[in-house]
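Worksheet: one structure, shown below.
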Amino acid sequence: MELALQQHREREVKEGDMQQKQDSQGGKPSSILGKAHPALKAFMCGSLSGTCSTLLFQPLDLVKTRLQTLQNIMKPGAPKVGMMTVLVQVIRTETFLGLWKGVSPSFVRCIPGVGIYFSTFYSLKQHYFQDGRAPNAGEAVLLGAGARAVAGVCMLPVTVIKTRFESGRYNYVSVLGALKSVCETEGPRALFSGLTATLLRDAPFSGIYVMFYSQAKRSLPPEVSSSPYAPLGNFGCGVMAGVLASVVTQPADVVKTHIQVSPSHWTTKDAIRYIYMEHGLRGFFRGAVPRSLRRTLMAAMAWTVYEQLMARMGLKS
């Protein structure tokens, strides 16, 4: 009897040690998450990181959209309107929570959109780099651009609705209501307005970002990469990469906003010509400061959170 009791206790201790080891590696293999496909895990990690970053930096996106929208209705020679002016105006007229106007379509877009981006990125990387080697600079650009192109096309209708919510020109009540209204009044084609400008903005941004981010991470000293401060180092690399990528892709963002807030069907070429004729080269960099802040901080946080979650699941990001 005592022998059986002792064996039972030994078995419980052994199972407890195994459980503790499994939990420290990021979860229970018997759970649904443990059995999930790695690409699905990447999707879930990306969605969670997108949720956090979207909620924090939505006000910057709204200010950027308002600046670009104001540019389209201002006459040449009118007093310049800056980021702080728009920020104060929104708080005065729409309350402090007005800075989060458009957060609903942002969530609808970013939670699955960032998940699609990271799962596509992970799948492409696993498929083309099965030997485990790190992609070089050119390959990193292609990986980032390819993953963003897939996510951008999938989520474009919600992106159009999000831009219109933030512009303040449309009185939409909900995302579904806005989708229905656009289809009824302008046709389904309007939900894919600005596709070319969106891809010209997002694909290069992601490609450039991934290239600079991966190269900057490689330059970190080994003692930093393996220390508890590694997430902070990764975040710093992300900030640097985000600033460079934002500046390069800013003109495409201005063109995209102009097309998507207009109820008429503008082509990319017509929008470029209009912005240049009305506002010159400076017009293509309207809203650059809030956009650079948002995209830089959002991308840096998303990548940092994503990599930490993937590491806890025992997967190499």
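Throughout, residue positions are numbered sequentially from 1 according to the sequence presented.
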Validation row: His258, Trp266 side chains within 4.5 angstrom (heavy atoms): yes
Pair listing, salt bridge (charged side-chain N to carboxylate O under 4.0 Å, His left out) test, anchored in residues 99-124, at least two apart: none
Of all pairs that satisfy salt bridge (charged side-chain N to carboxylate O under 4.0 Å, His left out), the ones with a partner from residues 205-218, not counting sequence neighbours: Lys217-Glu307
Phe205 vs Val248 side-chain heavy atoms within contact, under 4.5 Å: no
Any donor-acceptor N/O pair, Trp100 side chain to Leu55 backbone, under 3.5 Å: yes
Verify same cluster id: Leu297, Met83 (apolar side-chain graph, 4.5 Å): yes
OG1-CD distance between Thr163 and Gln260, expressed to the nearest 0.5 angstrom: 4.0 Å
Less than 3.5 Å apart, which donor and acceptor atoms pair up between the side chains of residues 188-195 and the rest of the protein, not counting sequence neighbours?
unit_1 : atom_1 : unit_2 : atom_2 : d
Ser193 : OG     : Ala190 : O      : 2.9

Nearest-0.5 Å distance, CG of residue Asn234 to OH of residue Tyr229: 15.0 Å
Leu309 and Tyr306, any side-chain heavy atoms less than 4.5 Å apart: no
Val243 backbone acceptor or donor facing Ser292 side chain under 3.5 Å: no
Pairwise side-chain contact, Thr198 with Val153, heavy-atom cut-off 4.5 Å (strictly under): no
Distance-minimising heavy-atom pair for Val224 and Ser227: O-OG, 2.9 Å
Non-neighbouring partners of Ala39 that pass side-chain contact (heavy atoms from CB on, under 4.5 Å), sequence neighbours left out: His37, Ser123
Minimum side-chain heavy-atom gap Met298-Cys110 below 4.5 Å: yes
Main-chain N/O of Gly46 paired to Ser49 side chain as donor or acceptor, under 3.5 Å: yes
Residues that Asp253 engages under salt bridge (Lys or Arg N to Asp or Glu O under 4.0 Å), provided they are two or more places apart: Lys64, Arg201, Arg291
Residues which pass side chain to side chain donor-acceptor pair (under 3.5 Å) with Gln308, listed by chain and number, not counting sequence neighbours: none
Shared hydrophobic cluster for Phe129 and Val141 (ILVMFWY, side-chain gaps under 4.5 Å): no
Residues in side-chain contact (heavy atoms from CB on, under 4.5 Å) contact with Ser206, at least two apart in sequence or another chain: Tyr117, Arg148, Val210
Sequence neighbours excluded - salt bridge (charged side-chain N to carboxylate O under 4.0 Å, His left out) pairs with any residue from residues 226-238: none
Separation between CG of Leu87 and CG of Leu99, rounded to the nearest 0.5 Å: 5.5 Å
Residues forming a side chain to side chain donor-acceptor pair (under 3.5 Å) with Thr267, sequence neighbours excluded: Asp270
Closest approach of Ala216 to Met240 (non-hydrogen atoms, all atoms of both residues): CB-CE, 3.5 Å
Nearest-0.5 Å distance, OG of residue Ser181 to CD of residue Glu186: 7.5 Å
Full working for side chain to side chain contact (heavy atoms under 4.5 Å, CB included) between Ser119 and Leu40: CA-CA 7 Å; Ser119 61; Leu40 180 58; over 6 Å; no
Leu60 reachable from Phe235 in the ILVMFWY side-chain graph, under 4.5 Å edges: yes
Partner set under side-chain contact (heavy atoms from CB on, under 4.5 Å) for Gln126, not counting sequence neighbours: Tyr122
Shared hydrophobic cluster, Leu97 / Val63 (ILVMFWY, side-chain heavy atoms < 4.5 Å): no
CA sep, side-chain torsions, deciding dist, call: Phe43, Phe118, side chain to side chain contact (heavy atoms under 4.5 Å, CB included): CA-CA 6 Å; Phe43 177 89; Phe118 278 118; over 6 Å; no
Check: Met155 and Pro112 side chains under 4.5 Å, non-hydrogen atoms: yes
Closest contact, heavy atoms only, Pro105 versus Val158: O-CG1, 3.3 Å
For the student: nearest non-hydrogen atoms of Ala147 and Leu124, plus distance: N-CD1, 4.2 Å
Under-4.0 Å salt bridge between Arg295 and Asp61: no
Distance-only polar pair, side chains of Lys256 and Thr196, donor-acceptor under 3.5 Å: no
Residues forming a ring pair (Phe, Tyr, Trp, His ring centres under 6.0 Å) with Tyr213, sequence neighbours excluded: Tyr209, Trp303
Worked verdict on Glu94 versus Arg66 for salt bridge (Lys or Arg N to Asp or Glu O under 4.0 Å): CA-CA 13 Å; Glu94 304 175 40; Arg66 292 290 176 91; 3.0 Å; yes
Gap separating the OG atom of Ser106 from the CD1 atom of Ile161, nearest 0.5 angstrom: 12.0 Å
Rounded distance (nearest 0.5 Å) linking atom CD1 of Ile111 with atom OG1 of Thr51: 3.5 Å
Heavy-atom side-chain contact between Ile275 and Val255 under 4.5 Å: yes
Thr120 (side chain) donor-acceptor with Ile116 (main chain) under 3.5 angstrom: yes
Closest non-hydrogen atom pair between Ala42 and Met310, with its separation: CA-SD, 3.8 Å
Cation-pi geometry met for Arg164 and Tyr170 (6.0 Å, 45°): yes
N-O pairing of Arg133 and Glu139 below 4.0 Å: yes
Taking every non-hydrogen atom, the tightest pair across Ser214 and Ala140: OG-CB, 4.0 Å
Val114 reachable from Ile208 in the ILVMFWY side-chain graph, under 4.5 Å edges: no
Student check: side-chain heavy atoms of Leu179 and Val175 closer than 4.5 Å: yes
Which residues share a side-chain contact (heavy atoms from CB on, under 4.5 Å) with Arg92, sequence neighbours left out: Val88
